[in-house]
Amino acid sequence: MEQNRKYLAILEDTLEKKKDALQNILRITKEQSELAKADIYQEEAMEQTLNAKELELSRVNTLDEGFQSVFDRIRSDVKRNPEDYREEV
């Protein structure tokens, strides 16, 4: 059970990192919107935002894969004994 608590802490940390990445994606999307509205198209700036967004999307995918891998390890135990993990969940 102690190992599962460590896994739950990892899951929580992963969710925080995903939240951060999604906030970055939102910020970048807003930047792209402003660049698209500009009178003069700034190709280099738009390219930078596209690259940054691609990195964040890749980060989200990696975090999702890691989350699923860890969750799969503890899913059955947490479902069988939810009262043991009530504080963490």
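Just so we're clear, the structure is a prediction, and the values are computed from it rather than from any experiment. Because only heavy atoms are used, hydrogens play no part in the values below, and waters and symmetry mates are left out as well, while side chains stay in.
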Residues in salt bridge (Lys or Arg N to Asp or Glu O under 4.0 Å) with [X], at least two apart?
{"X": "R5", "result": "E88"}
{"X": "K18", "result": "D64"}
{"X": "D77", "result": "R80"}

- Residues clustering with L55 (ILVMFWY side chains joined when closer than 4.5 Å, directly or via others): none
- Task: List in chain and number order the residues that pass side-chain contact (heavy atoms from CB on, under 4.5 Å) with R73, two or more places apart in sequence or in another chain; answer none if no residue qualifies.
- Result: Y7, S69
- Note on the structure: Across all chains, not counting sequence neighbours, the side-chain contact (heavy atoms from CB on, under 4.5 Å) partners of E83 are N81, R86
Going by atom type alone, with no hydrogens or angles, which donor-acceptor pairs under 3.5 Å involve a side-chain atom of residues 28-35 and a protein atom two or more places apart or on another chain?
from, atom 1, to, atom 2, distance (Å)
T29, OG1, I25, O, 2.8
T29, OG1, K53, NZ, 2.9
E31, OE2, R27, NH1, 2.7
Q32, OE1, K53, NZ, 3.0
Q32, NE2, T49, OG1, 3.4

- Message: Count I, L, V, M, F, W, Y as connected when their side-chain heavy atoms are under 4.5 Å apart, and connections chain through other members. Are L11 and L15 then in the same cluster?
- Response: yes
- Query: Out of curiosity, does I10 fall in the hydrophobic cluster containing V78 (side-chain heavy atoms, cut-off under 4.5 Å, transitive links)?
  - Reply: yes
- Task: Give a yes or no on whether Q23 atom CD has more than 12 heavy-atom contacts from other residues, nucleotides or ligands under 6.0 Å away.
- Result: yes
- Between the OH atom in Y85 and the CG atom in L8, the distance rounded to the nearest 0.5 Å is 7.0 Å
- Query: For K19, what residues pass the side-chain hydrogen bond (donor to acceptor under 3.5 Å, both in side chains) criterion, not counting sequence neighbours?
  - Reply: none
- Message: Among residues at least two apart in sequence or on other chains, which ones pass side-chain hydrogen bond (donor to acceptor under 3.5 Å, both in side chains) with Q68?
- Response: D72
Show every donor-acceptor pair shorter than 3.5 Å between a side-chain atom in residues 56-63 and any protein atom, with sequence neighbours excluded, or say none if there are none.
from, atom 1, to, atom 2, distance (Å)
E56, OE1, R59, NH1, 3.2
E56, OE2, N24, ND2, 3.4
R59, NH1, D20, OD2, 3.3
R59, NH2, K17, O, 3.4
R59, NH2, D20, OD2, 3.2
N61, ND2, L57, O, 3.4
T62, OG1, S58, O, 3.0

Could you list the donor-acceptor pairs under 3.5 angstrom formed by side chains in residues 41-48, with sequence neighbours left out?
none

